[in-house]
Protein chains: 2
Amino acid sequence: MTSDTRPLRADAERNRVRIVVAAREVFAAHGLSVTLDDVARSAGVGVGTVYRRFPNKEALVIAVFDHVLDEITTLLDKTAADEDAWRGLTGLITAIAERQAADRGLFDLCTNADFGQADRIAEHFIPAADSLVARAKAQGALRDDFAAPDIGPLLMMVAATAEMTRTLDPDLWRRYLALLLDGIRAGATTPLPGPTPTHAEMQTVMHCSSSRQP
Amino acid sequence: MTSDTRPLRADAERNRVRIVVAAREVFAAHGLSVTLDDVARSAGVGVGTVYRRFPNKEALVIAVFDHVLDEITTLLDKTAADEDAWRGLTGLITAIAERQAADRGLFDLCTNADFGQADRIAEHFIPAADSLVARAKAQGALRDDFAAPDIGPLLMMVAATAEMTRTLDPDLWRRYLALLLDGIRAGATTPLPGPTPTHAEMQTVMHCSSSRQP
DNA sequence: ACGAAAGTGGAGGGAACCTCTCCGTATTTA
DNA sequence: TAAATACGGAGAGGTTCCCTCCACTTTCGT
């Protein structure tokens, strides 16, 4: 499809790499809202150079996260195959939380419709979540009123604490994840209130964390 | 201290009230980031009128939330006095979560250093939290490795889900609060990882959710 | 009922920020 | 060494927001 054009000139290729590396760091530290000027400065090149290589910000974001997203989808498939479903489920949640805690940009990508990469994850996430949740319940490890679409909000909660406490202790989010995991274990004392959400509902709702209303 | 000047003219007072009422609604629906132009439009007055009555946005915010903050501090004192400490603790958390879920502006106010009202809450929150946590542990209802400063992040997590799922179901946050409360109950299966945070640490860290770094 | 005092609306000044383009200059490559 | 390619960064053009200014309107005491 994308016919590979002639290779870049040596200095151009060098700069392209510097831009992607710098973008990865800046996005991780400050989220996707940073300016391409910031990225350029951090990479030690001019903005013009960034825009020649990447037609717009979105293209750069995708270039930076394409690999990470692949990593996550394979991770989803892999943890879903764990025969100990509880271990698989907690492993899945922990692994995603770990990546989001270490990379603000990844969190933005997962919760921002603007970059349209969320579906790519959902495609692997939904089957994995469904399978793990069903099997973990069957194995008696997961409370019965928990549903697969609850995983999204769970991750959102952990990401919120990670974001908040990052400067204090970059691992403090694990404390609150542990609380949540104890909360979803089988043998719950309080039945969950309200209706059980669906995947579709959660998907629509996840993509407007920081949107505006008219 | 603030010598009450001569009373406002009738129409001026009428408009002042309309502004505060409109601001309350707009802040609740969209958070403190709305423009004073938005408030003015919603109140049916010109921006100039808003600025004559309130020297700047912060003054309006304080006028709107002064009463709510008082309400919360008395609520803190009251729940802290409950002899059933678990009931007091969950009541406190639920009550604050309820208010934050219903009012985006209140959440912003609690987590945004810019408006300098957070200390006013902390003054009542810290003693209440300390007392309830200590007593709930003594009564065997609360897990031993939970600490009073953990309540902040807990509320932050619930607020994050409330914000996210508001359009889907304005009460869905209760589901995730229930999970968390089950997670902090005595009889936990996994000990919490990492060091226990302090009030001071949490305070510094709560006030920079949406800040920028240089 | 009239005039001074108080209040009003909303255009727009000024500042900050962002994305992206343009073009004179510099580097690479054949 | 010349043609092709790439570079930097000023700045165009757009948006957003806070707040001011002032010609016009309303209130209220006398």
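Chain naming here is simple, since letters A, B, ... match the order of the sequence lines and numbering starts at 1 in each. We use all heavy atoms of the structure for the numbers below, so side chains are in, but hydrogens, waters and symmetry mates are not.
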Nearest whole angstrom, please: distance from the [atom2] of [N] to the [atom1] of [X].
X: B:Ile19; N: C:dG9; atom1: CD1; atom2: C1'; result: 12 Å
X: A:Asp38; N: C:dC20; atom1: CG; atom2: C1'; result: 15 Å
X: A:Glu13; N: C:dT27; atom1: CD; atom2: C1'; result: 16 Å
X: B:Leu60; N: D:dC17; atom1: CG; atom2: C1'; result: 15 Å
X: B:Asp37; N: D:dC18; atom1: CG; atom2: P; result: 7 Å
X: B:Arg14; N: C:dT8; atom1: CZ; atom2: C1'; result: 12 Å
X: A:Asn56; N: C:dT19; atom1: CG; atom2: C1'; result: 10 Å
X: A:Leu8; N: C:dT27; atom1: CG; atom2: P; result: 19 Å

Using a cut-off of 4.0 Å on non-hydrogen atoms, how would the nucleic acid contact of A:Arg53 be classed: base, sugar-phosphate, or nothing?
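Sugar-phosphate, no base atom in range.
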Looking across every strand, which nucleic acid part, if any, lies under 4.0 Å from B:Arg41 by heavy atom: base, sugar-phosphate, or nothing?
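Nothing, no heavy atom under 4.0 Å.
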Residue whose closest nucleotide on DNA chain D lies nearer the 5' end, A:Ala12 versus B:Leu36
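Per heavy-atom nearest nucleotide, the more 5' residue is A:Ala12.
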Residue-phosphate contact under 4.0 Å: [X] side-chain N/O, [N] OP1/OP2:
X: A:Thr49; N: D:dG8; answer: yes
X: A:Asn15; N: D:dC7; answer: yes
X: B:Tyr51; N: D:dT20; answer: no

Closer than 4.0 angstrom, basic N to acidic O: yes or no for [X] and [Y]?
X: A:Asp70; Y: A:Arg120; value: yes
X: B:Arg41; Y: B:Asp38; value: yes
X: B:Arg14; Y: B:Asp11; value: no
X: A:Asp103; Y: A:Arg24; value: no

Once base and sugar-phosphate atoms are separated, protein heavy atoms under 4.0 Å mark nucleotides 21-26 of chain D, 5' to 3', with B, S and - as -----B
What verdict does the side-chain contact (heavy atoms from CB on, under 4.5 Å) test give for A:Leu106 and A:Ile72, after you've listed the backbone C-alpha separation in whole Å, the side-chain angles of each residue and the deciding distance to 0.1 Å?
CA-CA 11 Å; A:Leu106 179 60; A:Ile72 290 181; 3.8 Å; yes
B:Val47 side chain: which of D:dC28, D:dC7, C:dA11 is closest?
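Nearest to the side-chain atoms of B:Val47, counting from C-beta on, is C:dA11.
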Could you check if a side-chain atom of B:Met157 sits within less than 4.5 angstrom of a side-chain atom of A:Met156, using non-hydrogen atoms only?
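Contact flag for B:Met157/A:Met156 side chains = no.
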Distance-only side-chain donor-acceptor flag, A:Asn56 / A:Tyr51, under 3.5 Å:
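No, A:Tyr51 and A:Asn56 have no side-chain donor paired with an acceptor closer than 3.5 Å.
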